[in-house]
Amino acid sequence: FKQKTAYEIYQCDWSSDVCSSDLSAGGDGIDARNMNAANTGTITITANDAISGALSGWGVLARNYGVGGTIVTTGAAGDISGNAFGGILAYANGGGVTVHNNGDVGTSGNAVTNDGVRAVNGGTGDILVDGSGAIFAGAEGIDARNYAANGDVTVNLTAATADITASGNGINAWALGGGDNDVTVFSNGTITSGGSGVYAFASAGTGTMTITTNDVIDASGNGIRALNNATGGNTINQNAAITGNAFYGIVATAGGGNLSIHDNANIGSSGNAVGGDGIYASLFGGSGTLLIDGSGAIFADNHGIAAYTSSSGADTNINLTSASADITAGADGIHTRGTGAGDGDVTIFTNGTISAGQDGIDARITNSTNTGTITITANDAITGALSGWGIFADNYSTSGGVVVTTGANGDISGNASAGIFARSSGGGVTVHNNGDIGDNDVTIFTNGTVTSGGDRKSTRLNSSHTDISRMPSSA
């Protein structure tokens with residue numbers, strides 16, 4: 001058998017330990033299996049030098065059908081040749097899977113055909129994938145899937161050398177067993193992928209999800225796709241750019257807790273916008289807060305930011321205090337919908353410019369039993385094609401109200417069909433208009449009060465045509 005596989009160990013009733021130096025093989029580099037489901041032993045593999053050769057199989061294949069777990073470690077010199085079908089496959093039926101990948105898998109000119117690292121766990125236990133090695137893969141870069149109840153998934157790539165280049169998704173981190181199942185992804189390396197850069201998923205349970213990316217994501221799918229159906233909340237820390245090659249920049253959902261997206265680096269660019277939304281966020285369970293903040297600019301062919309809450313009492317807070325957080329969008333610059341009951345406020349604050357093809361800001365609470373307030377503050381210009389309104393704020397609530405404020409630099413371009421729309425079915429409407437609306441015309445539709453800012457009053461409301469229309473609440 002050694003003509004096919006350098007190390008091939010099938011054990012039915014005891015644990016397997018393999019430590020290797022340089023290996024050359026035509027099949028798998030190392031193939032270690034525990035075949036007995038009642039076995040409580042662990043498979044432990046350490047490969048400190050290269051695994052090369054024809055390698056029609058995996059560089060390292062470790063399958064534990066018992067309950068003792070699997071641990072695979074490659075050293076700094078433990079590279080796996082791109083001739084391999086796949087890099088590392090580590091499976092455990094229980095006890096967890098750990099992969100320390102410190103050697104490169106494939107090369108830039110010779111990627112492995114399948115996954116760089118595949119880690120799968122069932123029964124009980126957690127999954128951990130870490131290490132400093134780069135990955136070049138024809139399928140997924142890292143594919144970590146935990147079917148265990150209460151089983152965590154952690155991909156912790158703290159080394160800047162741990163770059164991933166993959167034809168599929170860069171990183172899959174999936175918790176599929178329910179229970180208290182946290183999903184954590186941390187990456188300091190670049191991710192280049194034909195699918196999503198990071199795809200994190202939890203099917204159910206109470207676990208949290210945390211995604212942190214500190215270097216560029218160049219993806220053809222979504223830059224970050226983080227879907228937490230569990231109730232523990234979801235946090236995205238995007239600290240490096242997502243290129244405009246992505247379809248959506250960030251897609252993030254949560255079935256409970258808080259959904260927080262910290263967008264601290266650009267999504268897309270002026271010459272290469274993402275094809276869909278810059279950020280799509282949906283909080284569909286619990287009474288937490290959907291928060292989007294950060295200093296990154298957004299360039300998107302659809303909405304710049306699209307934020308949705310559907311559960312009772314859930315708040316929406318778009319808090320773009322940085323002047324660098326500009327938005328350029330083919331549809332709405334900021335698009336929010338609150339459809340749940342309870343006291344769910346919508347708060348939008350911007351210090352950056354918004355250039356939009358439709359509405360600059362479109363914020364709505366559509367549930368009449370919601371008692372929340374829509375509060376919008378726009379301190380810089382709203383420009384672009386603007387086939388819709390500069391600001392559109394519509395609150396179906398019978399008690400929540402609407403407050404719209406434009407700052408001294410918060411001009412609304414004359415390209416807009418109209419300037420500010422502010423309406424509430426109850427709770428009152430206040431518009432503080434301190435920025436110019438158009439070159440000649442000022443159009444404000446509201447069923448509340450309109451005020452203007454101090455010394456700038458004459459240039460704000462005394463134009464060649466001023467139309468301030470008061471509509472009944474039922475309009």
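The figures that follow rest on heavy atoms only: side chains count, while hydrogens, waters and symmetry mates do not.
The CD1 atom of I127 sits 4.0 Å away from the CG atom of N146 when rounded to the nearest 0.5 Å. In this structure, the separation between CD1 on I361 and CD1 on I348 is 5.5 Å, given to the nearest 0.5 Å. To the nearest 0.5 Å, atoms CG (D143) and CZ (R118) are separated by 6.5 Å. A distance of 10.0 Å separates OG in S282 from CG in L227, rounded to the nearest 0.5 Å. Going from atom CD1 of I267 over to atom CD1 of I298 covers 4.5 Å, rounded to the nearest 0.5 Å. How far CZ of F186 is from CG of L157: 9.0 Å, rounded to the nearest 0.5 Å.
A donor-acceptor pair under 3.5 Å is absent between the side-chain atoms of N64 and the main chain of T70, judged by distance alone. When atom types are taken as modelled, the side chain of N266 and the backbone of A297 share a donor-acceptor pair closer than 3.5 angstrom. Checking side-chain atoms of N214 against main-chain N and O of G189 turns up no donor-acceptor pair under 3.5 Å. Side-chain atoms of N367 come within 3.5 Å of backbone N or O of T369 as a donor-acceptor pair. Not a single donor-acceptor pair under 3.5 Å links the side chain of S196 to the backbone N or O of Y199. Looking at T161, its side chain never comes within 3.5 Å of a backbone N or O of G133 through a donor-acceptor pair. Side-chain N or O atoms of N395 include one that pairs as donor or acceptor with a backbone N or O of S397 at under 3.5 Å. Side-chain atoms of S167 never come within 3.5 Å of backbone atoms of G194 as a donor-acceptor pair (strictly under, hydrogens ignored). A donor-acceptor contact shorter than 3.5 Å is absent between the side chain of N222 and the backbone of I224. Proximity of a side-chain donor or acceptor of S424 to a complementary backbone N or O of V429 within less than 3.5 Å is not detected.
Nearest approach of D115 to V112, heavy atoms of both residues: O-CG2, 3.8 Å. Here the closest heavy-atom approach between residue I242 and residue G249 is recorded as CD1-O, 3.5 Å. Heavy atoms only, all atoms of each residue included: G294 and L320 are closest at O-CD2, 4.2 Å. Scanning both residues, S417 and S387, for their nearest heavy atoms gives OG-O, 2.6 Å. Nearest heavy atom pair, residue G342 against residue N370, reads O-OD1, 2.9 Å. Minimum heavy-atom separation, I217 to G197: CG2-CA, 3.9 Å.
Shown are V99, I135, I142; of these, the side chain to side chain contact (heavy atoms under 4.5 Å, CB included) with I88 is made only by V99. Applying side chain to side chain donor-acceptor pair (under 3.5 Å) to D218 and the options T165, N245, T192 leaves one that passes, N245.
In this structure the side chain of L283 never reaches within 4.5 angstrom of the side chain of T289, judged on heavy atoms. Looking only at side-chain heavy atoms (C-beta outward), D126 and D182 stay at 4.5 Å or farther from each other. Contact of the V72 side chain with the T98 side chain is not registered, since no non-hydrogen atoms from C-beta on lie closer than 4.5 Å. In this structure, the side chains of I382 and D411 stay at 4.5 Å or more apart for every pair of heavy atoms. In this structure, I391 and I376 have side chains that are in contact, with non-hydrogen atoms separated by less than 4.5 Å. Using a 4.5 Å heavy-atom cutoff, the side chains of I171 and I164 are in contact. Looking at heavy atoms from C-beta onward, I420 lies in side-chain contact with T406 at the 4.5 angstrom threshold. Looking at I236 and M209, their side chains never come closer than 4.5 Å, going by heavy atoms from C-beta outward.
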Quick one: do I354 and I334 satisfy side-chain contact (heavy atoms from CB on, under 4.5 Å)? Show the steps, please.
-> CA-CA 8 Å; I354 297 175; I334 297 175; 4.2 Å; yes

After noting the C-alpha distance and the side-chain angles of F284 and S311, does the key distance pass the side-chain contact (heavy atoms from CB on, under 4.5 Å) rule?
-> CA-CA 5 Å; F284 58 88; S311 54; over 6 Å; no

Should L290 and D315 be marked as a side-chain contact (heavy atoms from CB on, under 4.5 Å) after you check the CA-CA gap, both sets of side-chain angles, and the distance that decides it?
-> CA-CA 6 Å; L290 191 167; D315 296 328; over 6 Å; no

Does the pair T190 and D163 meet the rule for a side-chain hydrogen bond (donor to acceptor under 3.5 Å, both in side chains), with working shown?
-> CA-CA 5 Å; T190 62; D163 301 328; 3.3 Å; yes

Stepwise side-chain contact (heavy atoms from CB on, under 4.5 Å) check, N169 with R225 = CA-CA 10 Å; N169 298 325; R225 182 178 179 86; over 6 Å; no

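For the residue pair N188 and T158, no side-chain donor N or O sits within less than 3.5 Å of a side-chain acceptor on the partner. Side-chain atoms of S324 and S322 form a donor-acceptor pair, as typed in the model, at a separation below 3.5 Å. Donor-acceptor pairing under 3.5 Å is lacking for the side chains of D180 and N150. A side-chain donor-acceptor contact under 3.5 Å links T353 and D326. Looking only at atom types and distance, the side chain of D152 has no donor-acceptor partner in the side chain of T154 under 3.5 Å away. Counting only N and O atoms by type, the side chains of D380 and N409 include no donor and acceptor under 3.5 Å apart.
A ring-ring contact (aromatic ring centres under 6.0 Å, His included) check over residues 322-352, counting only residues at least two apart or in different chains, returns the pairs H303-H335, Y308-H335. Among pairs with a residue in residues 237-277, none fulfils ring-ring contact (aromatic ring centres under 6.0 Å, His included), at least two apart in sequence or across chains.
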